[in-house]
Amino acid sequence: MGKFDFQRIPAPLLSWYRENKRDLPWRGNPTPYEVWVSEIMLQQTRVEAVKEYYVRFMRALPNVQALAECEEEKLLKLWEGLGYYSRVRNMQKAAKQILAFYGGEFPCDVKALQGLAGIGSYTAGAIASIAFGLPVAAVDGNVFRVAARLEENSSLISDPKYRKYLESTLSAVYPSAGKDCADFTQSIFELGALVCKPQNPDCANCPLQSFCRAYQNGTQASYPVLPAKKEKRQERVYVFLIETPQGICIRRREAGVLKGMNEFPSHVVLGGETPENILNEWGVYAFTEIKRKKYVHIFTHIRWDILCLHVQADSAPFDTYTVDEIDESVSLPTAFKQCQGILYG
Ligand code: SF4
């Protein structure tokens with residue numbers, strides 16, 4: 001079989017996209033800042049979940065300057081629940097770089113965009129094509145899936161050479177510039193999200209069906225080729241909701257996963273230590289256990305089997321906050337936020 005001709009895809013995809021695109025808060029004629037914020041949020045998070053976060057974030061921090069100057073705790077609170085907090089920390093670093101080196105305006109150049117914190121070739125391609133109308137591909141999981149099926153490409157999607165190949169092959173067939181570039185990028189994302197889905201692609205309604213090799217050969221399920229899944233490391237963790245007359249204890253994590261984030265004091269169980277041993281280690285000797293609850297939290301590479309303990313103590317070994325303060329202004333990753341539910345039943 002000859003080489004697949006990607007030149008065939010822009011025209012049918014563009015007309016399909018204009019008919020079928022979803023109305024999303026970051027669509028229309030987004031600024032580079034809007035594209036950036038939405039794309040970073042959409043990494044690892046579903047569109048439906050992102051919508052609300054996006055609107056709230058843009059209201060609080062409507063431009064690069066506001067983001068650069070935002071206090072850390074407020075920033076993390078705006079991101080609370082989205083996970084992968086390094087994303088938002090990098091965004092703030094990049095915002096500071098944009099202020100320092102580009103007068104507060106995003107550089108209109110892919111290489112310069114890639115020089116900003118947390119911006120790789122995918123995000124740079126998305127900003128360049130969607131906001132600046134440049135003919136630059138942005139290859140995400142949706143694009144890998146659609147492209148691999150179209151040409152029945154067996155490369156591993158984690159292979160950097162395959163990414164480079166796809167970026168240059170797709171960039172070469174981009175419309176020349178402007179709105180079509182913006183729409184072409186989004187049309188592939190949209191096709192991957194709505195039609196060429198990971199499971200059960202809706203080939204009957206696909207504008208690329210007539211020349212899709214996976215469809216012709218019934219091999220859709222074999223593409224794209226994904227790397228083997230690694231086993232998650234399992235850890236047993238105690239999380240303590242220590243309630244004192246001053247409030248509930250919260251501290252910063254100094255190491256491990258979620259380093260630098262707030263937590264209800266926790267401890268990874270390494271041997272036979274009991275919750276009481278740990279509380280004693282923190283100087284808490286007089287306490288009453290109110291309730292305990294088990295739950296599981298899954299990170300990318302780790303599974304936490306959590307035992308959450310609600311205890312009342314007379315003195316606080318760490319900083320304390322009231323429940324209202326925790327809800328309104330203290331950021332807590334989901335792994336710990338779940339534990340707060342123990343207070344309500
Ligand atoms: S025909 Fe099916 S497999 Fe091929 S691109 Fe369309 S939805 Fe994906």
Side-chain angles (χ1 to χ4, degrees), residues 1-24 26-27 35 38-39 42-51 121-123 125-126 128-130 135-176 179-229:
M1 209 179 290
K3 218 168 160 256
F4 183 84
D5 182 9
F6 278 96
Q7 195 70 57
R8 300 171 81 176
I9 72 171
L13 261 185
L14 281 173
S15 49
W16 173 85
Y17 176 70
R18 287 168 184 159
E19 290 272 297
N20 294 283
K21 67 179 177 202
R22 288 167 296 178
D23 190 15
L24 299 172
W26 47 88
R27 291 252 166 96
V35 174
S38 63
E39 289 301 333
L42 286 163
Q43 289 165 16
Q44 322 275 357
T45 312
R46 289 175 308 106
V47 166
E48 280 311 307
V50 164
K51 279 185 190 170
S121 67
Y122 165 73
T123 312
S129 58
I130 300 173
V136 185
V139 176
D140 73 346
N142 287 314
V143 179
F144 270 123
R145 188 164 60 254
V146 173
R149 285 173 174 169
L150 284 173
E151 63 169 344
E152 289 188 306
N153 193 313
S154 307
S155 306
L156 259 183
I157 65 163
S158 51
D159 180 352
K161 280 197 220 116
Y162 182 38
R163 171 180 288 279
K164 280 220 161 9
Y165 155 78
L166 213 48
E167 284 170 352
S168 66
T169 305
L170 289 175
S171 295
V173 303
Y174 256 64
S176 49
K179 183 80 180 133
D180 283 355
C181 283
D183 283 357
F184 184 50
T185 294
Q186 298 188 84
S187 69
I188 320 182
F189 295 167
E190 200 74 338
L191 191 82
L194 301 181
V195 177
C196 194
K197 294 171 285 189
Q199 262 85 46
N200 304 318
D202 184 9
C203 301
N205 290 308
C206 177
L208 309 180
Q209 187 212 74
S210 61
F211 41 80
C212 174
R213 290 180 178 170
Y215 170 72
Q216 281 155 12
N217 299 320
T219 57
Q220 298 95 323
S222 306
Y223 301 96
V225 181
L226 307 171
K229 274 198 179 154

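Just so you know, these numbers come straight off a predicted model, no measurement behind them. Both ligands and their constituent atoms are indexed starting at 1 by order of listing.
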Just to be sure I read this right, does ligand 1 sit under 4.0 Å from the backbone of A214, its side chain, both, or neither, counting only heavy atoms? neither
Hey, which atoms in ligand 1 end up nearer than 4.0 Å to a heavy atom of [X]?
X: R149; answer: 3 (S)
X: Y215; answer: 1 (S)
X: Q209; answer: 1 (S)

The single option from K197, R18, R22, K21 that satisfies salt bridge (Lys or Arg N to Asp or Glu O under 4.0 Å) with E190 is R22
Flag, side chain of [X] to backbone of [Y], donor-acceptor distance under 3.5 Å:
X: R163; Y: V139; value: yes
X: E151; Y: K3; value: no
X: S171; Y: A137; value: yes
X: T45; Y: L42; value: no

Closest non-hydrogen protein atom to [atom], residue and atom name please, with distance?
atom: atom 4 (Fe) of ligand 1; value: C212 SG, 2.4 Å
atom: atom 2 (Fe) of ligand 1; value: C203 SG, 2.3 Å
atom: atom 3 (S) of ligand 1; value: Q220 CG, 3.5 Å

Presence of N, O or S from C206 under 2.8 Å of atom 2 (Fe) of ligand 1: no
So, Q7 versus D5: side-chain donor-acceptor pair below 3.5 Å or not? no
Looking at R27 and D23, is any side-chain nitrogen of the basic one under 4.0 Å from a carboxylate oxygen of the acidic one? no
Is atom 4 (Fe) of ligand 1 under 2.8 Å from any N, O or S atom of C196? no
